[in-house]
2 protein chains.
Amino acid sequence: MRRETYNEFRHLCRAHNLAVTHQRQRIFEAVASRPGHYSPEEIYEQVKQDLPSISLATVYKNLKTFIEAGMLREVSLHHGAWRIDANLHPHHHLVCTRCRSILDLDQDLLAPVKLRGKLPSGFKLEKFSIEIQGVCKACVASESRTHN
Amino acid sequence: MRRETYNEFRHLCRAHNLAVTHQRQRIFEAVASRPGHYSPEEIYEQVKQDLPSISLATVYKNLKTFIEAGMLREVSLHHGAWRIDANLHPHHHLVCTRCRSILDLDQDLLAPVKLRGKLPSGFKLEKFSIEIQGVCKACVASESRTHN
DNA sequence: TATCAGATGATAAAGATTATTAAACGATTC
DNA sequence: GAATCGTTTAATAATCTTTATCATCTGATA
């Protein structure tokens, strides 16, 4: 890990009350120092080259910890629940970032997406899918209840 | 199942060379006749009320069959692969509908989303997430190779 | 109604994620 | 630098989701 990255990591941990451990350093580095989006298994394999005794569970736990802290993010909110859509008409989805519930929303509610530049060559565009992320009514209510 | 829905279902099956079975009728009905987005488990529980001997594997298999045929869709392309995003700068994702690979794309490539109406009351908007769906270069190549 | 390809149900297997717990470690204090 | 305390880790089991296998059954067609 580069010196600056290392210090940055230490500060991030301090800011979120996380102990700075070798394992966490390597896990964070394995994700943040490379482009692309990796799975826990891939990250585990990468880190294991430096720390052969690390456990896959440690990778999972710390990825979750980092995500909670906002140091990393999930690519998509929909991992973990395969859900079926019977609505074949064009529509958008309203997704709760807390409970991950999904509501349909008519397509007309949003203006069409406009492309400003060129997509990578060779990519055959099929459609734009817009997801409206936020906190649903129920979660807003339960959170305000908790905090008062 | 309403008569028209039943006939519609038969025609859909014919069009895709699928045998019309009791199980398929009930599975399709369980998804298509209700609003909302269900998991295979939920659909299984629903269908079991009518067909107590149905197997969960049958539900899975037929949901996949229906999706392949285009009779149903997946809410999201990201189920089954938890992926980590270390890019905290605003960006979009380019997603291949075949191999499900993901590429980052700078935010500036798309004009900001414009809301035309009102969101459901109580929903606290956090952000719009745009996904650009299509076929990546590699998959375009492999498909044209297959079809020639 | 007899035939047969395809569909189903039961079950095992595989894969992904989470929970548990004793031992080890990092941070703080002295 | 050693002692202490709370957190983190590794190992493993448990859980949950999805897929594979295969013998049996059923829908479609003749």
Side-chain angles (χ1 to χ4, degrees), chain A residues 6-7 9-30 37-45 47-69 71-72 74-84 100, chain B residues 6-7 9-30 37-45 47-69 71-72 74-84 100:
Chain A
Y6 175 69
N7 284 330
F9 178 73
R10 288 187 79 86
H11 287 137
L12 277 170
C13 285
R14 288 280 163 75
H16 296 289
N17 270 326
L18 299 178
V20 179
T21 69
H22 297 300
Q23 290 86 345
R24 285 186 175 157
Q25 284 170 29
R26 299 306 169 93
I27 292 169
F28 189 80
E29 184 187 6
H37 303 297
Y38 302 98
S39 68
E41 185 72 35
E42 286 165 341
I43 295 164
Y44 170 64
E45 290 300 334
V47 173
K48 208 159 63 166
Q49 293 176 13
D50 277 327
L51 305 174
S53 74
I54 197 167
S55 153
L56 179 57
T58 300
V59 173
Y60 269 97
K61 210 176 314 169
N62 283 305
L63 288 175
K64 280 191 181 289
T65 302
F66 293 149
I67 288 169
E68 262 180 63
M71 296 164 63
L72 295 176
E74 298 175 79
V75 169
S76 155
L77 297 176
H78 304 288
H79 168 255
W82 191 38
R83 297 198 168 268
I84 308 302
R100 315 229 161 174
Chain B
Y6 176 68
N7 284 331
F9 177 72
R10 290 187 77 87
H11 287 138
L12 277 170
C13 285
R14 289 279 165 76
H16 296 288
N17 270 326
L18 299 178
V20 179
T21 68
H22 297 301
Q23 290 87 345
R24 286 186 175 158
Q25 285 171 29
R26 297 307 168 94
I27 292 169
F28 189 81
E29 183 187 7
H37 303 296
Y38 302 97
S39 68
E41 185 71 35
E42 287 165 340
I43 295 163
Y44 170 64
E45 291 301 334
V47 173
K48 209 157 64 163
Q49 294 178 10
D50 277 327
L51 305 175
S53 75
I54 197 166
S55 154
L56 180 56
T58 300
V59 173
Y60 270 96
K61 211 175 313 169
N62 283 305
L63 289 175
K64 279 191 181 290
T65 302
F66 292 150
I67 287 169
E68 263 180 64
M71 295 163 62
L72 296 175
E74 299 175 80
V75 169
S76 154
L77 297 175
H78 303 287
H79 169 253
W82 191 37
R83 297 198 169 268
I84 308 302
R100 316 230 161 174

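These values consider heavy atoms only, across backbone and side chains, with no hydrogens, waters or symmetry-generated copies. Lettering of chains follows the sequences in order, A, B, ..., and the numbering in each one begins at 1.
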| remark: Between A/V20 and B/S55, whichever has its closest DNA chain C nucleotide further toward 5' is B/S55
| said: Measuring from atom NE2 of B/H22 to atom CG of B/L51, what distance do you get when rounded to the nearest 0.5 angstrom? | reply: 8.0 Å
| query | A/E42 CD to C/dT17 P: how many Å, rounded? | reply | 12 Å
| query | Is any side-chain nitrogen or oxygen of A/N62 closer than 4.0 Å to OP1 or OP2 of D/dT9? | reply | yes
| Whole-Å distance between C/dA23 P and A/I54 CD1? | 21 Å
| field | Donor-acceptor contact below 3.5 Å, side chain A/H79 vs main chain B/H79 | value | no
| said: Please compare B/L56 and B/R14 by the position of their nearest nucleotide in DNA chain D and report the one closer to 5'. | reply: B/L56
| Any side-chain N or O of A/H79 under 4.0 Å from OP1/OP2 of C/dT17? | yes
| message | Rounded to whole Å, please give me the gap between CD in A/Q25 and C1' in D/dT8. | response | 14 Å
| said: Using 0.5 Å steps for rounding, measure from the OG1 atom of A/T65 to the OH atom of A/Y60. | reply: 14.0 Å
| note | Rounded to whole Å, the CZ-P distance (A/R26 to D/dT9) equals 13 Å
| said: Can a donor-acceptor pair be found, under 3.5 Å and without considering hydrogens, that links the side chain of A/R10 to the backbone of A/V20? | reply: no
| message | Quick check for you: among C/dT18, C/dG26, D/dT17, whose closest atom lies nearest to any side-chain atom of B/Y60? | response | D/dT17
| field | Residue mapping more 5' on DNA chain D - nearest nucleotide basis, B/L18 or A/Q23 | value | A/Q23
| query | Do the side-chain N or O atoms of A/K61 get closer than 4.0 angstrom to the phosphate oxygens (OP1, OP2) of C/dT17? | reply | no
| note | B/Y44 atom OH is separated from D/dC16 atom P, nearest whole Å, by 15 Å
| query | Using a cut-off of 4.0 Å on non-hydrogen atoms, how would the nucleic acid contact of A/T58 be classed: base, sugar-phosphate, or nothing? | reply | base
| request: Using only side-chain N and O atoms of B/S53, determine if any of them is under 4.0 Å from OP1 or OP2 of C/dT8. | output: no
| query | If only side-chain N and O atoms of B/H22 are considered, is one of them under 4.0 Å from the OP1 or OP2 phosphate oxygen of C/dA7? | reply | no
| request: May I have the distance from B/K64 (atom NZ) to C/dT8 (atom P), rounded to whole angstrom? | output: 16 Å
| request: Only one of B/I27, B/V75, B/I43 passes side-chain contact (heavy atoms from CB on, under 4.5 Å) with A/I84; say which it is. | output: B/I43
| Atom-to-atom span, CG of A/N17 to C1' of C/dT28 - whole angstrom | 14 Å
| task | For the side chain of B/R24, starting at C-beta, report the closest nucleotide among C/dA7, D/dT12, D/dT18. | result | C/dA7
| query | What's the CG-C1' distance between A/L51 and D/dT8, to the nearest Å? | reply | 14 Å
| note | Testing D/dA11, D/dG27, C/dT8 for proximity to the side chain of B/A19, the answer is D/dG27
